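Structure, as structure tokens:
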Amino acid sequence: MKKIVLISLLSALTMSAFAQNAHSDATVTVSAAPEKNTAFPMTTADYERFAYIYELSNGKTLTLFTRVGKKYAVLEDEPSREVIATSSHSFVTLDRHLEMTLNLQDNGDVSGELLIRTPKTVSSNDSGPVEHYVFVAGR
């Protein structure tokens, strides 16, 4: 009986060692597709209906404005960043720091969300950038 258990144990160890060796030689590298800023055709006049100072649910403000035919967004004390439209009501800054969706209601209310990309933190895990969602409170 002890021999059967010993043979089973040795067989299992041999198989696991073989399985580890078989997989350690195979390396697959997958590269991410480059991020693209896909612009949606929106005139400065169309963007101006979104130009406003928005109060966010976290107490900060988001300001959208135009200057010399370009569209910009400013989040509280951060520098202004140029914006492009990605749909009729979604926008992204050229540096992809801010992504926002604004839904303008007929009654003047606004709903939506704001994605803020924060700098990558250095850790042994290296899990990628940390992202926070902040919802637009209203107009």
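Since the structure is predicted, the reported quantities are computational estimates derived from the model, not experimental observations.
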- Query: Looking at residues at least two apart in the chain, or sitting in another chain, which of them share a side-chain contact (heavy atoms from CB on, under 4.5 Å) with N103?
  - Reply: H89, T101, Q105, S111
- For N107, all residues meeting side chain to side chain donor-acceptor pair (under 3.5 Å), sequence neighbours excluded: D109
- State the CG-OG1 distance between L115 and T93, to the nearest 0.5 angstrom. 9.5 Å
- Query: What residues form a salt bridge (charged side-chain N to carboxylate O under 4.0 Å, His left out) with E76, not counting sequence neighbours?
  - Reply: none
- Task: Check whether any side-chain heavy atom of L104 lies under 4.5 Å from a side-chain heavy atom of R49, and answer yes or no.
- Result: yes
- Query: Quick one: are V92 and L98 in side-chain contact, heavy atoms under 4.5 Å?
  - Reply: no
- side-chain contact (heavy atoms from CB on, under 4.5 Å) partners of S88, counting only residues at least two apart: F40
- Query: Taking C-beta and beyond as the side chain, do E113 and E99 meet within less than 4.5 Å on heavy atoms?
  - Reply: no
- Query: Does the pair M100 and L62 meet the rule for a side-chain contact (heavy atoms from CB on, under 4.5 Å), with working shown?
  - Reply: CA-CA 10 Å; M100 61 207 90; L62 172 69; 3.9 Å; yes
- Message: Can you confirm if the aromatic rings of F50 and Y52 lie within a centre distance of less than 6.0 Å?
- Response: no
- Would I84 and L94 satisfy side-chain contact (heavy atoms from CB on, under 4.5 Å), going step by step from the backbone distance to the final call? CA-CA 7 Å; I84 60 170; L94 293 180; 3.6 Å; yes
Anything under 3.5 Å between a donor and an acceptor, one on a side chain of residues 63-74, the other on a protein residue two or more places apart or in another chain? List them.
unit_1, atom_1, unit_2, atom_2, d
T66, OG1, E48, OE2, 3.3
K71, NZ, M42, O, 3.4

- Message: Less than 4.5 Å apart, side chain to side chain, heavy atoms only: is that true for I116 and H97?
- Response: yes
